[in-house]
Chemist: 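Supplied in structure tokens, the structure appears directly below.
Sequential numbering from 1 along the given sequence is applied to the chain's residues.
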Amino acid sequence: MRPIVVYYLAILLPIPLLIWISQTGNSTWFAVLLLIYAIPYRTFTDGFRLVDKNLMKWNEIWKLWLPWKYRELLIELYFRK
């Protein structure tokens with residue numbers, strides 16, 4: 001996941017599915033998929049990028065659930081190549 005464009009594509013790809021599910025009126029599935037997207041999917045996607053950039057190790061990905069750790073790595077994660 002070296003290029004930042006691939007990373008942004010990976011985090012934005014599930015959004016159309018969430019929008020489509022919300023339009024169908026099935027609020028239970030929308031809530032479940034939104035929680036899956038927000039917690040494990042984004043954590044692992046962000047973690048894979050940080051591991052790829054050698055800013056974290058594989059066994060430290062769980063630390064992204066901690067707000068202060070996530071905030072430390074925010075600029076590296078979203079804005080640096």
Side-chain angles (χ1 to χ4, degrees):
M1 199 179 296
R2 291 263 176 204
I4 198 163
V5 175
V6 174
Y7 171 68
Y8 280 122
L9 184 64
I11 63 174
L12 294 176
L13 197 61
I15 300 295
L17 175 66
L18 288 171
I19 292 171
W20 178 70
I21 292 291
S22 71
Q23 297 295 322
T24 61
N26 195 343
S27 60
T28 305
W29 276 108
F30 175 71
V32 168
L33 290 176
L34 186 62
L35 285 174
I36 289 171
Y37 173 76
I39 299 171
Y41 180 77
R42 285 301 306 274
T43 300
F44 286 116
T45 306
D46 296 346
F48 290 149
R49 177 151 174 84
L50 291 170
V51 167
D52 195 35
K53 293 177 79 173
N54 294 323
L55 296 172
M56 281 186 126
K57 295 180 182 173
W58 284 106
N59 59 354
E60 296 177 336
I61 289 178
W62 68 271
K63 291 181 181 179
L64 290 175
W65 286 359
L66 305 172
W68 56 88
K69 186 67 172 175
Y70 188 77
R71 195 172 63 196
E72 287 176 8
L73 299 166
L74 193 66
I75 291 177
E76 287 291 330
L77 186 60
Y78 291 115
F79 301 114
R80 304 252 168 107
K81 291 184 179 185

Chemist: Using the side-chain hydrogen bond (donor to acceptor under 3.5 Å, both in side chains) criterion, which residues pair with Ser22? Sequence neighbours excluded.
Modeler: none
Chemist: Walk me through whether Trp29 and Thr24 qualify under side-chain contact (heavy atoms from CB on, under 4.5 Å).
Modeler: CA-CA 10 Å; Trp29 276 108; Thr24 61; over 6 Å; no
Chemist: Taking atom CZ of Phe30 and atom CD of Gln23, what is their separation to the nearest 0.5 Å?
Modeler: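 The distance works out to 9.5 Å.
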Chemist: Does CD1 in Ile15 sit with more than 12 non-hydrogen atoms of other residues, nucleotides or ligands closer than 6.0 Å?
Modeler: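 Correct, the count exceeds 12.
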Chemist: If you take all heavy atoms of Lys53 and Glu76, which pair is closest and at what distance?
Modeler: NZ-O, 2.6 Å
Chemist: Does Leu34 form a side-chain contact (heavy atoms from CB on, under 4.5 Å) with Ile21? I'd like the steps, not just the answer.
Modeler: CA-CA 10 Å; Leu34 186 62; Ile21 292 291; over 6 Å; no
Chemist: Could you tell me if the ring centre of Phe48 sits under 6.0 Å from that of Trp58?
Modeler: yes
Chemist: Closest approach of Leu77 and Arg49, non-hydrogen atoms and distance?
Modeler: O-NE, 3.3 Å
Chemist: To the nearest 0.5 Å, what is the distance between CG on Leu64 and CD on Glu72?
Modeler: 10.5 Å
Chemist: Tyr37: what forms a side-chain hydrogen bond (donor to acceptor under 3.5 Å, both in side chains) with it, not counting sequence neighbours?
Modeler: none
Chemist: Can Leu17 be reached from Ile36 by stepping across I, L, V, M, F, W or Y side chains whose heavy atoms are under 4.5 Å apart?
Modeler: no
Chemist: Look at the side-chain heavy atoms of Ile, Leu, Val, Met, Phe, Trp and Tyr, link any pair under 4.5 Å apart, and say whether Tyr41 and Leu9 land in one connected group.
Modeler: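 In one cluster with Tyr41: Leu9, no.
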Chemist: Run the numbers on Glu60 and Lys69 for side-chain contact (heavy atoms from CB on, under 4.5 Å), then give the verdict.
Modeler: CA-CA 10 Å; Glu60 296 177 336; Lys69 186 67 172 175; 5.8 Å; no
Chemist: Side chains of Ile19 and Pro16, heavy atoms from C-beta outward: is any pair under 4.5 Å?
Modeler: no
Chemist: I'd like to check the side-chain hydrogen bond (donor to acceptor under 3.5 Å, both in side chains) partners of Trp65; sequence neighbours left out, ordered by chain and number.
Modeler: Thr43
Chemist: Going by heavy atoms in the side chains, are Lys57 and Val51 under 4.5 Å from each other?
Modeler: no
Chemist: Side-chain heavy atoms under 4.5 angstrom apart, residues restricted to Ile, Leu, Val, Met, Phe, Trp, Tyr: same cluster for Trp68 and Trp62?
Modeler: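 Cluster IDs for Trp68 and Trp62 match.
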Chemist: Could you see if Leu12 belongs to whatever hydrophobic cluster contains Trp20? Use Ile, Leu, Val, Met, Phe, Trp, Tyr and a side-chain cutoff under 4.5 Å.
Modeler: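 Yes, because Leu12 and Trp20 connect within a single hydrophobic cluster, where side-chain heavy atoms sit under 4.5 Å apart.
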Chemist: Is there a path of hydrophobic side-chain contacts, each under 4.5 Å between heavy atoms of I, L, V, M, F, W or Y residues, that connects Ile39 with Met56?
Modeler: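 Cluster IDs for Ile39 and Met56 differ.
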Chemist: Within the 3.5 Å criterion, strictly below it, is a donor on Tyr70 or Asp46 matched to an acceptor on the partner's side chain?
Modeler: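 A donor-acceptor contact under 3.5 Å links the two side chains.
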Chemist: Hey, could you give me the CG/OH distance between Leu50 and Tyr7, rounded to the nearest 0.5 Å?
Modeler: 7.5 Å
Chemist: Can you name the nearest heavy-atom pair linking Leu35 to Pro40, along with the distance?
Modeler: O-CD, 3.6 Å
